[in-house]
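Let me begin by presenting the structure, written as structure tokens, before commenting on it.
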Amino acid sequence: MQKRIDFIREIINKDMEEGRYAKVHTRFPPEPNGYLHIGHAKAICLNFEIAKEYQGKCNLRFDDTNPTKEEEEYVLAIKKDIGWLGYDWEDREYYASNYFEKLYEMAIELINKGKAYVCELTADQIREYRGTLTEPGNESPYRDRSVDENLTLFKKMRDGEYPDGTMVLRAKIDMASPNLNMRDPVIYRILHTSHHRTGDKWCIYPTYDWAHGQSDSIEGITHSICTLEFQDHRPLYNWFIEELGIHHSRQIEFARLNLTYTVMSKRMLLTLVENNYVDGWDDPRMPTLSGMRKRGYPSAAIRKFCVNIGVAKTESIVDIEFLEHFVREELNRTAERRMAVLNPLKVVIINYPEGQEEELEAINNPEDASAGTRKIPFSNVIYIEKDDFMENPIPKFYRLSLNREVRLRYAYFIKCVDIIKDENGEITELRCIYDPATKGGDAPDGRKVKATLHWVSEKHSITGEIRLYDRLFIKENPLAVPEGGDFTMNLNTDSLKTIKNCRIEPSLANPKPGIVFQFERLGYFCVAFDTKNNHPVFIRTATLKDEWERIQKRKK
RNA sequence: UGCCCGGUGGUGUAAUGGUAACACACCGGCCUUUGGAGCCGAGGUUCGAGGUUCAAAUCCUCGCCGGGCAGCCA
């Protein structure tokens, strides 16, 4: 995949030139406490693509140091999503929990060096002793315990002799450091909670800060790429590595992805799931990879998006349309075209013999000749889209109207000669005449029409359900709320509209779930996984760009 | 009044002291059997002020603005 060189690759190039590392080895380190979202995709692509470019490797490592939040369900989902994105960690599926024993030994080593101590201050006291952003902290009264005492206490912590929260192991660094992370950070806490991998083997767990850098080191990671908020932790990780005298990875921080009309925090996504604002983590409206997969987004589009947004340290918000652009670009190339009418309006062609029918040839994908053609049945009663007719056409509307001629795609020119209404004045049917000479859609006399409509033959069509998904939030920044409000007040209450009786061309009677089609002039639609035989269900993946909609919007 | 990071069109990313580039969006036009796709064109002097230099988005100084950090979360 072609990409411009970014600051991360620049650093790596320099490291390689200077011989700092013999090869490049990266890793993607998710915490299994939620599903992966598009922001994670950025990190996944970065790490795996860099490994590929430098003929190195990229590990998958679960950062599972907090058993109170992590679950097996999430590790399964995460692996599935990374695989779907197209990346392979081969046999390098690691877990921070694999290193618990090693990490424990490292802690002992620190204690032996007089660089760690068991502290019995409560959580609240630790906070008070830490000082503030502008004032230095105070040293814990337990800071100067003997090595032996620390060793004994730490062993007893491990043996389960103390309840949760009674003591912790802390690194002994500098309570006056301007970097709060260096003010004797906690590296082990007591948690009598069973872990999804280690079960009840442990009742003390390393903190992320203690586990992360050393896990990278153990795996021989050369370039540890993470998000901006860990910049302030880097000195701490370096301190650990140096005290322990182990392999030193270079940490490089980049800005996480933000998208308009989207929330990206796992906490908020969990809120949406738990309060049933959406139908699970994989709801097609979610920014999760599983949601996007269900929505019909091709993984290639997501990859391309991730490459094209670039990487930098500037915090930014990418327009969701940029993602949609790559989805459309990919689908335009790959999706076969079909015809479906969402809001059917009956059209009777009065000069086409009743009972007669014929098959017309249609191109499956104008962008890909190898996709071939298919036959579409035609008869005297068809359906067109309600929106494609206007009794009193406004300027620039050049679809069907009384006495106006348009083309039915791949079929004939038709001209509307009569409008039938019900007692409420609603249009229920159109009467048209067709020109037999225009079969296929071209007029031998060279006359032109301004519009081409999609259509479906009444007696041949099948009915189906179509789910129209829209963005989940009404505000570009869902987090912008008045005092006391929260992001859920910016939820789009109309983000899902279900249309039951759509008319769909017969070739779509038994489509394969997951496949995406373009319904001509409407958009891309993905076959839903709960679709049933002869009653297909489609999910709208994305609309087509709509010039007519833009014209109307502009007038407002 | 602490420490760390950042500031280039509407958005995102380039330009690594030498004519501010690319993509998306937007606007205008062409083309079109999808008002799709495609094609062509318009729009910025780089947060501000000084300084260094023949030459500054880039280097220096001082401001301004934005973000992160006071979990036994990651």
Side-chain angles (χ1 to χ4, degrees), chain A residues 3-6 10 29-31 33 63 65-66 68-70 119 121-123 126-128 130-137 164-170 177-183 185-191 204-205 207-209 211-212 226-235 253 255 257 260 266-267 308-319 321-326 328-329 332-333 337 339 362-363 366-367 396-399 407-411 413 438 440-443 448-454 518-523 543-551 554:
Chain A
K3 56 184 73 95
R4 281 189 296 261
I5 187 123
D6 51 65
E10 248 166 46
E31 183 191 12
N33 69 338
D63 255 322
T65 54
N66 184 357
T68 65
K69 293 188 176 166
E70 297 147 5
C119 181
L121 253 24
T122 65
I126 287 180
R127 188 180 323 118
E128 283 161 25
R130 187 154 31 226
T132 67
L133 294 176
T134 51
E135 302 157 48
D164 289 5
T166 52
M167 46 182 81
V168 294
L169 184 69
R170 292 227 251 170
S177 173
N179 181 344
L180 304 232
N181 296 119
M182 303 298 271
R183 320 242 264 225
V186 170
I187 60 177
Y188 267 96
R189 27 21 162 163
I190 301 172
L191 246 30
I204 57 171
Y205 291 95
T207 57
Y208 173 86
D209 279 345
H212 194 79
C226 64
T227 45
L228 254 26
E229 68 270 29
F230 294 106
Q231 279 176 118
D232 291 342
H233 296 241
R234 190 168 12 128
E253 309 87 6
L257 171 67
T260 56
K266 280 196 222 170
R267 197 201 92 234
N308 280 281
I309 50 177
V311 204
K313 301 188 78 160
T314 321
E315 301 190 52
S316 57
I317 305 172
V318 176
D319 199 327
E321 302 227 16
F322 198 49
L323 206 210
E324 290 167 357
H325 161 76
F326 289 104
R328 289 193 183 101
E329 183 186 72
N332 177 51
R333 279 181 36 238
R337 318 284 127 129
M339 291 204 282
I363 293 166
E367 307 291 324
K396 295 206 171 157
F397 179 88
Y398 49 80
R399 275 111 94 146
R407 170 169 40 234
L408 294 178
R409 179 138 234 226
Y410 299 124
F413 283 13
T438 58
D442 276 313
K448 302 280 184 205
V449 288
K450 295 197 82 171
T452 300
L453 309 186
H454 61 278
Q518 183 196 105
F519 289 168
E520 297 221 19
R521 302 209 305 135
L522 297 175
T543 59
L544 247 26
K545 290 220 271 180
D546 191 341
E547 179 74 20
W548 173 235
E549 188 183 58
R550 206 184 317 158
I551 289 167
R554 213 179 302 159

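Below, chain A is the first sequence line, B the second, and so on; all start at residue 1.
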Rounded to the nearest 0.5 Å, how far does [atom2] of [Y] lie from [atom1] of [X]?
X	Y	atom1	atom2	value
A:Met167	A:Ile190	CE	CD1	6.0 Å
A:Phe413	A:Asp442	CZ	CG	7.0 Å
A:Thr227	A:Glu315	OG1	CD	10.0 Å
A:Arg183	A:Ser177	CZ	OG	6.5 Å

Rounded [atom1] spacing from [N] to [M] in Å:
N	M	atom1	answer
B:G17	B:A37	P	40 Å
B:G43	B:C5	P	38 Å
B:C3	B:A15	C1'	32 Å
B:C27	B:G10	C1'	12 Å
B:C64	B:A70	C1'	26 Å
B:C26	B:G36	P	12 Å
B:A14	B:C59	P	15 Å
B:G67	B:C62	P	23 Å

Between [options], which nucleotide gets closest to the side-chain atoms of [X]?
X	options	answer
A:Asp319	B:G35, B:U11, B:U34	B:U11
A:Val168	B:G35, B:G2, B:C72	B:C72
A:Ser316	B:G35, B:G36, B:U13	B:U13

Over how many whole Å does the gap from [X] atom [atom1] to [N] atom [atom2] extend?
X	N	atom1	atom2	answer
A:Lys450	B:C31	NZ	P	12 Å
A:Tyr398	B:U32	OH	P	12 Å
A:Phe322	B:G10	CZ	C1'	14 Å
A:Lys545	B:C27	NZ	P	10 Å
A:Arg183	B:C3	CZ	P	12 Å
A:Glu367	B:U32	CD	C1'	12 Å
A:Asn332	B:U32	CG	P	18 Å
A:Gln518	B:G36	CD	P	11 Å

Check your understanding: Reading nucleotides 39-46 of chain B from the 5' end, what letters show protein touch, with B for base, S for backbone sugar-phosphate only, - for no heavy atom under 4.0 Å?
Key -> --------
Exercise for review: Sugar-phosphate means primed atoms, P, OP1 and OP2; the rest is base. With that split, encode nucleotides 64-71 of chain B 5' to 3' as B, S or - using protein heavy atoms under 4.0 Å.
Suggested key: ---SBBBS
Does the side chain of [X] get closer than 4.0 angstrom to OP1 or OP2 of [N] through an N or O atom?
X	N	answer
A:Thr207	B:A74	no
A:Arg170	B:C72	no
A:Arg554	B:G28	yes
A:Arg521	B:G35	yes
A:Arg328	B:G38	no
A:Arg550	B:C27	yes

Review point. Does the salt bridge (Lys or Arg N to Asp or Glu O under 4.0 Å) test come out yes or no for A:Glu253 and A:Arg234, once each step is laid out?
Key: CA-CA 9 Å; A:Glu253 309 87 6; A:Arg234 190 168 12 128; 2.7 Å; yes
Pairing nucleotide - [N], Watson-Crick or G-U, each distance under 3.5 Å:
N	result
B:C31	none
B:G6	B:C65
B:A25	none

Give the minimum heavy-atom separation between [X] and [Y], together with the two atoms involved.
X	Y	answer
A:Arg399	A:Leu453	CG-CD2, 3.7 Å
A:Glu367	A:Asn332	CG-O, 3.3 Å
A:Val186	A:Thr207	O-OG1, 3.2 Å
A:Glu70	A:Asn33	CG-CB, 4.3 Å

Check your understanding: When the ring planes of A:Trp548 and A:Phe397 are compared, do they come out parallel, tilted or perpendicular, using 30° and 60° as the limits?
Key ->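 It falls in the perpendicular class, over 60°.
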Practice item. For the pair A:His325 and A:Phe322, name the ring-plane relationship: parallel under 30°, tilted 30 to 60°, perpendicular over 60°. Key: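 Plane angle under 30°, so parallel.
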Give [X] one of three labels, base, sugar-phosphate or nothing, depending on what nucleic acid heavy atoms sit under 4.0 Å from its own.
X	answer
A:Leu323	nothing
A:Pro366	base
A:Tyr205	nothing
A:Asp209	nothing
A:Leu408	nothing
A:Phe519	nothing
A:Lys396	base
A:Val449	nothing
A:Thr65	sugar-phosphate

Check your understanding: Does A:Asp442 or A:Met167 map to a spot on RNA chain B nearer the 5' end, using the closest nucleotide for each?
Key ->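 Residue closer to the 5' terminus by nearest nucleotide: A:Asp442.
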Check your understanding: Want to settle it: does A:Ala411 or A:Val318 sit nearer the 5' end of RNA chain B, counting the closest nucleotide to each?
Key ->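 Its nearest nucleotide lies further toward 5', so the answer is A:Val318.
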Exercise for review: Evaluate the side-chain proximity of A:Phe519 to A:Leu544: yes if any heavy-atom separation is below 4.5 Å, no if none is.
Suggested key: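 Counting from C-beta outward, A:Leu544 and A:Phe519 never come under 4.5 Å.
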Check your understanding: So among A:Ile187, A:Asn66, A:Asp63, which one has a side-chain contact (heavy atoms from CB on, under 4.5 Å) with A:Tyr208?
Key ->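 Per the side-chain contact (heavy atoms from CB on, under 4.5 Å) rule, the option paired with A:Tyr208 is A:Asp63, out of A:Ile187, A:Asn66, A:Asp63.
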Exercise for review: Assign B:G43 to syn or anti; the rule is syn for a glycosidic angle within 90° of 0 and anti otherwise.
Suggested key: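 Judged by the O4'-C1' to base torsion, B:G43 sits in anti, the angle falling more than 90° away from 0.
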